[in-house]
Chemist: 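One structure is given below, represented as structure tokens, and several questions about it will come after.
The sequence lines fix the lettering, A, B, ..., with proteins before strands; numbering per chain opens at 1. Keep in mind that this is a model prediction, so the values were computed, not measured.
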2 protein chains.
Amino acid sequence: MRRPTMEDVAARAGVSRALVSLVMRGSPRVGEARRTAVLRAATELGYSPHAMARSLASATSTVIGVMVSDLRNAFFAEVVEGLDSVIMTEGFDLVINTGARDPSREHRAVQSLLSFRPAGIALLGPVVPSSTIADAADKAPTMLVAHSCALPTVDTVNDDGEAGSELAVSHLAEQGHRSIAHLDGGGGSQAAPRRRGYVSAMHRRGLQPLVVPSEYTDSGGARAVRDLLARGGTLPTAIVAANDFNAVGAISALEEAGLRVPQDVSVVGYDNTSLAALRHVSLTTVDQPRHEMGRLAAEALLERARGQRSEAVHQMLHPALVIRATTAPPPPRG
Amino acid sequence: MRRPTMEDVAARAGVSRALVSLVMRGSPRVGEARRTAVLRAATELGYSPHAMARSLASATSTVIGVMVSDLRNAFFAEVVEGLDSVIMTEGFDLVINTGARDPSREHRAVQSLLSFRPAGIALLGPVVPSSTIADAADKAPTMLVAHSCALPTVDTVNDDGEAGSELAVSHLAEQGHRSIAHLDGGGGSQAAPRRRGYVSAMHRRGLQPLVVPSEYTDSGGARAVRDLLARGGTLPTAIVAANDFNAVGAISALEEAGLRVPQDVSVVGYDNTSLAALRHVSLTTVDQPRHEMGRLAAEALLERARGQRSEAVHQMLHPALVIRATTAPPPPRG
DNA sequence: TCTACTCATTAGAGCGCTCCAACCCTGTAA
DNA sequence: TTACAGGGTTGGAGCGCTCTAATGAGTAGA
């Protein structure tokens, strides 16, 4: 399984190693005859350049390292696709890693990425301490996605969670809802801005905010609704859930309690996961431009890697509301 | 941003480069005094070994390349987690790549992985032509997950799709169902064995199989059920869907037609995705040991990489049925 | 005291590639 | 004819590391 080297190709084509190098890199100043001879020799031998040797010799890297905190989360998967689309066309290679939402494993994952001396790294929703981020940032251009950070050297790309909540509340208010509750995402990433956005959107309309502690899960959403029902009093006519999973859990708890969605209670999710699009669910939700986030992150990273920019840039993307079947005007007062 | 090299550490610690190398690799035959001196110098300089230079010099690689055909698919994400758990503890590095289910992009992705001269590569649900696989296999130990292949040099790990269908049919038959339809996954990966398993399970029980063309999507499942309804005649009392998405689509179409699940029709999914576990869905489904598949794939790959085995090994894992709320005995004949 | 042997340490070659400076052409101008 | 371009081509150094063989310092045995 010993693979051929440039030397082998050079020998077979009857040229020097340096010429093979030029051909492999597509240099324009190589005669046509030699070029084809080299190319033929290369395919005959099944040769392809050794990425590591190349990177070592040129002291440049085509590797962009990506640490994904949670691979199972479709949100990150789509951000990665966005990254990938840019990275690939620019001739870089993605090296993805995961830390499974565990700080020490994430730390190791980041170290492992850095050991490749990458052109840059992107951390998607990291849960590592900021010291790890700071450390990474002075070893390679560093980009944070779905995680804000005030370090002067790291770039960030985030969804504007406050604006997303504003969209949800605005939609519900237009439908005539005045009693709108928010199921809070707790310590989850982006939960804080979503909550802030909800509260200020309510205040702006002179409405009374109601934040119910919950979490980013199906069962968390169900539990929050049961808590709400147990309180007695009049139930809100609409709910702005922490995310889609949370919304789906809330819906099942509402239905179990004999309430219909959206006739009795409207529900808005957040994230527009594929779950929300299922006809069985058909959830009105806030869509984050995930692919776009990936693209922007990749572009910012490449700018840095090419030394075209040195100050940090913080991008905030605007979410959009996707209206489906879980929102409607509130029931007539009875 | 120039990072320190072994030379720098050696100079600072007052020893030779070779000694630093030994320390970094944890060699036992280094005196205690020098070892600590080297380690201190390394941390002071923020040194960490250059993975590529190391790999080049040692002609060995710690990279295990993984090409994931579809990152958004939670199935693969969990297989990757299984791989990762083994790979990491064995001191290897995962390099993940994606081809977005596009043959030519997957081909490029595989080439890119090979350019790192990895210790081995794993292709998860690849859609590349088998020539690409054959080519990869003679450049690095190659493992196929969720894709079978008769090449004498490649290992495979698969879920036993036939056994999964058998489990589903068996469960339904025990409940008393005799008219059980299968929504077929079409050209999707693993659709063929699932269909075969269904057909033979039906025959084994003297039941008449009914295969309805469909696909691995929500809308495909809904369409197949509408086709079924449009045929007239008696509807099957149970459905073995192609996968979970397909099952959920089927359920919504059934409900739209005024049929209740499971009172009128039982539905079994396949994959046990997180979707199936949602209380709102609560789908009876076939669970594949995804994490286990990843673990086994990693172990087999490392065996090969270490030269402990040279013949191909094909592993077939047994699925399990997860019974939830979408299956029940058929309605009494009326 | 000298040889034998062990063990920590080191110099130097080399992994596969890129880069630079030098080189060799052939063609054109003087 | 000689000089001079200027593009195609090449040897050699070097990227950061590992590995082998050799070095030197002890330590024990004769």
Chemist: Using whole Å, what does the distance between atom C1' of nucleotide D:dG16 and atom CG of A:L56 come to?
Modeler: 5 Å
Chemist: Would you please test B:H50 and A:L56 for side chain to side chain contact (heavy atoms under 4.5 Å, CB included) and show each step?
Modeler: CA-CA 9 Å; B:H50 190 312; A:L56 185 60; 4.2 Å; yes
Chemist: Does B:D135 form a side chain to side chain contact (heavy atoms under 4.5 Å, CB included) with B:T132? I'd like the steps, not just the answer.
Modeler: CA-CA 5 Å; B:D135 179 56; B:T132 299; 5.5 Å; no
Chemist: Quick check on the helix from C:dT1-D:dA30 to C:dA30-D:dT1: what's the angle between its two end axes, five base pairs per end, to the nearest 10°?
Modeler: 60°
Chemist: Cut-off 3.5 Å, side chains only: do A:S148 and A:N158 have a donor facing an acceptor?
Modeler: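 A:S148 vs A:N158: no donor-acceptor pair found between side chains.
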Chemist: Is a side-chain donor-acceptor pair under 3.5 Å present for A:D159 with A:Q190?
Modeler: no
Chemist: How would you summarise protein contacts on nucleotides 4-11 of chain C per nucleotide, using B for base, S for sugar-phosphate only and - for none, with heavy-atom distances below 4.0 Å?
Modeler: ----SSBB
Chemist: Among the candidates D:dT18, C:dT18, D:dC17, find the nucleotide nearest to the side-chain atoms of B:T5.
Modeler: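 For the B:T5 side chain, the nearest candidate turns out to be D:dC17.
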Chemist: Please determine whether side chain to side chain contact (heavy atoms under 4.5 Å, CB included) holds for the pair B:V80 and B:L94, giving the CA-CA distance in whole Å, both sets of side-chain angles, and the decisive distance to 0.1 Å.
Modeler: CA-CA 9 Å; B:V80 170; B:L94 266 202; 4.2 Å; yes
Chemist: Please tell me whether B:S21 and B:R25 have a donor and an acceptor in their side chains that are separated by less than 3.5 angstrom.
Modeler: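 Yes, because at least one side-chain N or O of B:S21 sits under 3.5 Å from a partner of the opposite role on B:R25.
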Chemist: Go through C:dC19, D:dT18, C:dC17 for me and flag the one nearest to the A:R25 side chain.
Modeler: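 Nearest nucleotide to the side chain: C:dC19.
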Chemist: Does a side chain donor of either A:R117 or A:S61 reach within less than 3.5 Å of an acceptor in the other side chain?
Modeler: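 No - no donor-acceptor pair under 3.5 Å links their side chains.
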Chemist: Among side-chain atoms of A:R3 and A:S48, is any donor-acceptor pair under 3.5 angstrom?
Modeler: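 Yes, because at least one side-chain N or O of A:R3 sits under 3.5 Å from a partner of the opposite role on A:S48.
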Chemist: Can you confirm whether the side chains of B:R108 and B:S112 place a donor and an acceptor under 3.5 Å from each other?
Modeler: no
Chemist: Check the distance between D:dG14's C1' and B:E7's CD and give it to me in whole angstrom.
Modeler: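 For the pair B:E7 CD and D:dG14 C1', the rounded distance is 12 Å.
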Chemist: Whole-Å distance between D:dC15 P and B:R54 CZ?
Modeler: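 Rounding to the nearest Å, CZ of B:R54 and P of D:dC15 are 19 Å apart.
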Chemist: So, does B:S21 get its side chain near the phosphate of D:dC17, meaning an N or O under 4.0 Å from OP1 or OP2?
Modeler: no
Chemist: Under 4.0 Å from OP1 or OP2 of D:dG16: is there any side-chain N or O of A:R117 that close?
Modeler: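 Negative; the distance criterion is not met.
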Chemist: Atom CE of B:M52 and atom P of D:dG14: how far apart are they, to the nearest Å?
Modeler: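 In whole Å, D:dG14 P and B:M52 CE are 23 Å from each other.
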Chemist: Rounded to whole Å, how long is the line connecting atom CE of B:M6 with atom C1' of D:dC15?
Modeler: 14 Å
